[in-house]
Amino acid sequence: MRRPHVYERSAPRRRRDEGVAPGVDPAEAARGVARALPALVAMAESANLAGLASLLDAAWAEAERIEDEAGRA
């Protein structure tokens, strides 16, 4: 008789298609991100991480866009 593989003996994993419901409203999440990102951008700029700072700045702009769209809806 074949011995089961370690993954076959472990606890069953969650299926990806179980329908994960978001726990937070997207606009609320965008507001939280928009509040947190200015400090992260400032830290990246003070550490001379220009590439990271520009990516965080773009994420900040996107979070504000999502928040604005949710406010208009």
Side-chain angles (χ1 to χ4, degrees):
M1 187 159 112
R2 181 177 78 82
R3 184 170 178 217
H5 191 269
V6 66
Y7 296 116
E8 294 171 346
R9 293 187 310 240
S10 64
R13 297 192 174 118
R14 283 184 45 180
R15 293 176 38 148
R16 290 179 188 245
D17 59 349
E18 283 184 350
V20 178
V24 179
D25 178 39
E28 183 180 333
R31 274 190 292 280
V33 169
R35 282 192 304 264
L37 280 173
L40 295 173
V41 170
M43 285 176 29
E45 287 175 346
S46 68
N48 292 327
L49 299 172
L52 178 60
S54 67
L55 291 173
L56 289 171
D57 194 38
W60 184 11
E62 181 67 13
E64 288 179 337
R65 184 190 64 79
I66 292 170
E67 184 179 1
D68 290 342
E69 284 180 2
R72 280 187 252 143

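Residues: numbered from 1 along the sequence shown.
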What closest approach, in Å, do [X] and [Y] show between heavy atoms, and which atom pair accounts for it?
| X | Y | answer |
| --- | --- | --- |
| Leu40 | Leu56 | O-CD1, 3.7 Å |
| Ala30 | Ile66 | CB-CG2, 3.8 Å |
| Val33 | Ala63 | CG1-CB, 4.0 Å |

Can we say Glu28 and Arg31 salt-bridge, meaning some charged N sits less than 4.0 Å from an Asp/Glu carboxylate O?
->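 The answer is no: the pair does not qualify as a salt bridge.
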Give, for atom CG of Leu55 and atom CG of Leu49, the distance between the pair rounded to the nearest 0.5 Å.
->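 Answer for the CG-CG pair, Leu55 versus Leu49, is 11.0 Å.
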ILVMFWY cluster, Leu52 and Trp60 together (side-chain gap under 4.5 Å) | yes
